[in-house]
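Written below as structure tokens is the structure these notes are about.
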There are 2 protein chains.
Amino acid sequence: MEDSAAPKRSVTVADVAKAAKVSKATAARVLGGYGVVSDKIRDQVVAAAAALEYRPNELARSMSTGRSGIIGVVVGDIQNAFFSLAVRGISDMARLAGFTVIIANSGEQLDAEISAVDLLIGKRVDGLIVTPAHCDRIDHLRQVRRAGVPLVLFDRNIPELEVDAVTGDDREAAIAATRCMVEQGHRRLAYVSAMEAEGGKLADIGRISNSAVRERVEGFVQVLTEAGLPNPVHYVRLGATDQPQTDDVVKRLLSDSAPPTALLASDSLVGLRVFKSLQSLGLSIPKDISMISFLDADWTSVTVPPITIVDQRVYEMGKLAGERLIARIEQIPLTAERLQINTTLVMRGSVARVGP
Amino acid sequence: MEDSAAPKRSVTVADVAKAAKVSKATAARVLGGYGVVSDKIRDQVVAAAAALEYRPNELARSMSTGRSGIIGVVVGDIQNAFFSLAVRGISDMARLAGFTVIIANSGEQLDAEISAVDLLIGKRVDGLIVTPAHCDRIDHLRQVRRAGVPLVLFDRNIPELEVDAVTGDDREAAIAATRCMVEQGHRRLAYVSAMEAEGGKLADIGRISNSAVRERVEGFVQVLTEAGLPNPVHYVRLGATDQPQTDDVVKRLLSDSAPPTALLASDSLVGLRVFKSLQSLGLSIPKDISMISFLDADWTSVTVPPITIVDQRVYEMGKLAGERLIARIEQIPLTAERLQINTTLVMRGSVARVGP
DNA sequence: CTGAAAGCGCTTACAG
DNA sequence: CTGAAAGCGCTTACAG
């Protein structure tokens, strides 16, 4: 029986050295690929290593070199297509540069985010990419910097932190989407987000702690204001966190004395839930109500009608974040910057013309 | 300026010991949470650690203890909802038991799978969960076992390996789905998978190297055979790897002299592509053609009609795989087993009654 | 209850 | 070109 379930002492440089009849230092040189060794001896060592199935212990290597070769990534929820695409971009970039990625979910909860950052720092990641749940709760991120660990913010920006951030052009995206609806004659427009909030009501736009959502809402409100529409925040709703909550949000929106005729969904999960809510209420899109969703998610192109979306190019965002972090890890001198990936509005069939 | 971008020597037990005016051993005891220390000294050390923002170096800890606290997971493609749900199940289970997860994608390519396994073993993961791309190429998996690293197979089984495997009840699932179509009067049924194959044609069912796909095809064929239908493999197609390929597969299927009237998609990505192909050909489901897809993916419930699916309960599969691996890591004595999670067919609107 | 030493498996200077 | 020693930051026996 050659296989074994019992944990085993693994093969080390010392074992290989002994088998190859050379010193540990020499074996280490060829196995680690550093220093100079004669061809003859190299062959001996390589042969011995192969025979013993030697595999370098990266943990030990990290201990000596001080680099773990690991990039830590903290996202809201990897199940969300936005984040899984982003992570794919980061991972592809990382792999190219020889890094491995560890992903942690925060569920957009501050305490989980803090634990995740702690865990990752403990593992001595070479750098960190974080989607901060709240841009006004940043002690743990300051600590990351103090620990000397390169940090790149993803999707959300925190100017006070003086750190790189890769985001979308959220304000412009919201402006384009809202304008598209206004131009089609809509006068009562709703904005729906999954962000948690007391009562699902908007207290003060300036205090929305997720900068991406804040900027989108600002863009949304700006267009409505410019169009001379009254009370632009009247239909802004947070808290569409799951299907029942979303059903509730949509139902209340539609039972308004003057219900909205168009709706902007802050992400594709919210969009999907809103779509299902409308469907279950027997409303037809875009005849009864128009909608636009962020993100070119799978489902948006197979519905009837297909959904007009804001294409966020998240994969590129991920790649850029990875690239930037790696540059930081490699100590390339750069000033802290907000890098924006611009979006485009993809017109499909979910916005109807209304009014006179 | 308290922040810093420059890499820094991090705070160690020695630093804390000095600050607390105790020996390294004592500081290590309280910081590591082992051994016995008087309350007074413990307080001193804790205070010093807090002041210095000490964080244990898990790498060093792993070196000493021989456990990394990391579980490695190799999947086909984390973008695929099947795998991302599974990974979520594994991660939830892992976190509960205090493990971190590193995910690697193989893209269903053997060489990438081998590199991923190598990388993970190098990082000294405490255990490995692998979705083997080919159940007949297992040298690298034997090596994993020889290295003494616990291994659990996911979604696919390799009996020769004598190792745990968590799978669905693929044969039964295919039987149920196929039977559902046959009972509705369908006589020409197609099976479409993304598995790569020369020419997209099926050579020999027994030699399909992905055991899940093989068992599904076997179940599919079994039902057709029992129903007395001629040439049951005639409409079995592989190679629906992307949209153009799938368009091609579907187009060729439909240009058969006797085209199929119903179609079973091997996973939700294939299902989505097939749906789009049919849509672009102007075919209406289920009037012109019926379909069933594996996996309860997002998109399947918002199409018109909603798609009948095989609910695979992947999250449970992931949790079970994680649980089993952790039991192995903790050396609980168990015999190698295939653990099956059973599926259910969820009837929606994509299968029509045909014939007399 | 506290301390000094050895060791985990590598890499990094320093000698020869 | 090869070797012997020290060190990375912990934990694990072993003494006192």
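Note that the coordinates shown come from a computational prediction; the quantities given were computed from them, not determined experimentally. In the text below, chain A, chain B and the rest are named by the order of the sequence lines, each starting its count at 1.
- Atom CZ of R29(A) and atom C1' of dA13(C) are 10 Å apart (whole Å).
- Nucleic acid contact class of I41(B) (heavy atoms, under 4.0 Å, all strands): sugar-phosphate only.
- The CG atom of L85(A) sits 11.0 Å away from the CD1 atom of I90(A) when rounded to the nearest 0.5 Å.
- Per the geometry, CZ belonging to R67(B) stands 16 Å off C1' belonging to dT12(D), to the nearest Å.
- Two residues, A28(A) and V36(B), neighbour DNA chain C, and the one matched to the more 5' nucleotide by heavy-atom proximity is V36(B).
- Rounded to an integer number of Å, the gap from CZ of R55(A) to C1' of dC10(C) is 17 Å.
- Side-chain contact annotation: R338(A) with T167(A), donor-acceptor N/O pair under 3.5 Å present.
- Remark: E330(A) CD is packed, more than 12 non-hydrogen atoms of other residues, nucleotides or ligands lying under 6.0 Å away.
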Hey, what are the protein-to-nucleotides 7-9 of chain D N/O distances that come in under 3.5 Å?
unit_1, atom_1, unit_2, atom_2, d
dG7(D), N2, S64(A), OG, 3.3
dG9(D), N2, S64(B), OG, 3.4

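- Here the straight-line distance linking atom OG of S115(B) with atom CG of L110(B) works out to 9.0 Å at 0.5 Å rounding.
- Rounded to the nearest 0.5 Å, atoms NZ (K24(B)) and CG (D15(B)) are 10.5 Å apart.
- Taking a pair as Watson-Crick or G-U wobble with both distances under 3.5 Å, the runs of three or more consecutive pairs in DNA chain D are C:1-3 with D:14-16, C:5-12 with D:5-12, C:14-16 with D:1-3.
- When the nucleotides dT12(C), dT2(D), dT2(C) are ranked by their closest atom to the side chain of T65(A), dT12(C) comes out on top.
- In this structure the side chain of L339(B) never reaches within 4.5 angstrom of the side chain of I341(B), judged on heavy atoms.
- At least one side-chain nitrogen or oxygen of T26(B) sits closer than 4.0 Å to the OP1 or OP2 atom of dG3(C).
- Out of dT11(D), dA4(C), dG3(D), the shortest distance to the side chain of Y34(B) is found at dT11(D).
- One finds the CG atom of L59(A) at 13.0 Å from the CZ atom of R67(B) (value rounded to the nearest 0.5 Å).
- Taken to the nearest 0.5 Å, the OG1 atom of T131(B) stands 10.0 Å off from the CG atom of N105(B).
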Side-chain atoms of residues 315-325 of chain B: list all donor-acceptor pairs with protein atoms under 3.5 Å, sequence neighbours left out, distances to 0.1 Å.
unit_1, atom_1, unit_2, atom_2, d
Y315(B), OH, D92(B), OD2, 2.5
R324(B), NE, D164(B), OD1, 3.2
R324(B), NE, D164(B), OD2, 3.2
R324(B), NH2, D164(B), OD1, 3.1
R324(B), NH2, T335(B), O, 3.0
R324(B), NH2, E337(B), OE1, 3.2

